[in-house]
S.K.: 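Before anything else, here's the structure in question.
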Amino acid sequence: MGYLTTHILDTTKGIAAAGVKIRLYQRMSEDQRQLIHSTVSNSDGRCDQPLLQADSFSVGVYELEYAIDEYFADGTNQDSKQDGPSFLNTVVIRFGISDENAHYHIPLLVSPYSYSTYRGS
């Protein structure tokens, strides 16, 4: 069976982004989605277990939400603190799963002002 993982890297400091709140949704239609899983990234910027696996892992469209504004507003990220609203709030990555037997890995490279992602391995 396939599974889904993620990894968050803080490119401002060149470190793993620990303590980022993550929510995984499955898109049911263009305007409807269902929360499947929520967690927080560990000290390595990863999750302690796959976000989606076994019988829950199925073909479909999903969204990962990362609470990046909260991460950079945290007192441990003083170098990145901003006055007023954060430029990036919640980073949302919408993606499709087409192979129920594959490993889908979604890295997120993030700073207070930009982000990048790709399908990892």
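For the single chain, residues carry numbers from 1 onward in sequence order. From a predicted model like this one, the values you see are computed outputs, not experimental measurements.
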S.K.: Determine the interplanar angle of the Tyr62 and Phe95 rings, folded into 0 to 90°, and report it as parallel if under 30°, tilted if 30 to 60°, perpendicular if over 60°.
M.R.: parallel
S.K.: Quick one: sort the Phe57 and Tyr104 rings into parallel, tilted or perpendicular, breaks at 30° and 60°.
M.R.: tilted
S.K.: With rounding to the nearest 0.5 angstrom, report the CD1 to CG distance, Ile68 to Asp10.
M.R.: 8.5 Å
S.K.: Kindly work out whether a path of hydrophobic side-chain contacts (I/L/V/M/F/W/Y, heavy atoms less than 4.5 Å apart) joins Val61 to Ile93.
M.R.: no
S.K.: Between Ser111 (side chain) and Ser114 (backbone), is there a donor-acceptor pair under 3.5 Å?
M.R.: yes
S.K.: So, the side chain of Ser41 versus the backbone of Cys47: is there a donor-acceptor pair under 3.5 Å, distance only?
M.R.: no
S.K.: To the nearest 0.5 Å, how far apart are CD in Glu65 and CG in Leu35?
M.R.: 8.5 Å
S.K.: What's the spacing between Gln26 CD and His37 NE2 if we round to 0.5 Å?
M.R.: 14.5 Å
S.K.: So Phe72 and Leu88, do their side chains get closer than 4.5 Å, heavy atoms only?
M.R.: no
S.K.: Might you work through the side chain to side chain contact (heavy atoms under 4.5 Å, CB included) test for Arg23 and Leu64, ending with a clear yes or no?
M.R.: CA-CA 6 Å; Arg23 289 185 298 269; Leu64 274 169; over 6 Å; no
S.K.: State the OG-CD1 distance between Ser38 and Ile22, to the nearest 0.5 angstrom.
M.R.: 10.0 Å
S.K.: For the residue pair His105 / Thr6, report whether a side-chain donor-acceptor contact shorter than 3.5 Å exists.
M.R.: no
S.K.: Apply side chain to side chain contact (heavy atoms under 4.5 Å, CB included) to the pair Gln34 and Tyr25, showing each step before the final yes or no.
M.R.: CA-CA 5 Å; Gln34 178 180 359; Tyr25 293 89; 5.9 Å; no
S.K.: Atom CG of Leu109 and atom OG of Ser116: how far apart are they, to the nearest 0.5 Å?
M.R.: 5.0 Å
S.K.: Output the distance between atom OG1 (Thr5) and atom CG (Leu51), rounded to the nearest 0.5 Å.
M.R.: 7.5 Å
S.K.: Could you tell me whether the side chain of Ile97 reaches within less than 4.5 Å of the side chain of Leu52, counting heavy atoms only?
M.R.: yes
S.K.: Are side-chain heavy atoms of Asp69 and Phe87 found at a separation under 4.5 Å?
M.R.: no
S.K.: Taking the side chain as C-beta and beyond, is there a heavy-atom pair between Leu24 and Leu4 under 4.5 Å?
M.R.: yes
S.K.: Are Val91 and Val40 co-members of a hydrophobic cluster defined by side-chain heavy atoms under 4.5 Å apart?
M.R.: no
S.K.: For Arg46, run the side-chain hydrogen bond (donor to acceptor under 3.5 Å, both in side chains) check against Asp44, Asp48, Asn42 and tell me which one passes.
M.R.: Asp44
S.K.: Please report the closest heavy-atom contact between Ala102 and Arg119, naming both atoms and the distance.
M.R.: CB-NH2, 3.8 Å
S.K.: For a quick test of reading the model, state the closest non-hydrogen atom pair linking Ala16 to Ser43 and the distance between them.
M.R.: CB-O, 3.7 Å
S.K.: Can you find a pair of side-chain heavy atoms, one from Leu108 and one from Leu9, that are under 4.5 Å apart?
M.R.: no
S.K.: Check whether Val92 and Ile36 end up in the same hydrophobic cluster, where Ile, Leu, Val, Met, Phe, Trp and Tyr are linked by side-chain heavy atoms less than 4.5 Å apart.
M.R.: no
S.K.: So Arg33 and Glu63, do their side chains get closer than 4.5 Å, heavy atoms only?
M.R.: yes
S.K.: Can you find a pair of side-chain heavy atoms, one from Ile106 and one from Thr117, that are under 4.5 Å apart?
M.R.: yes
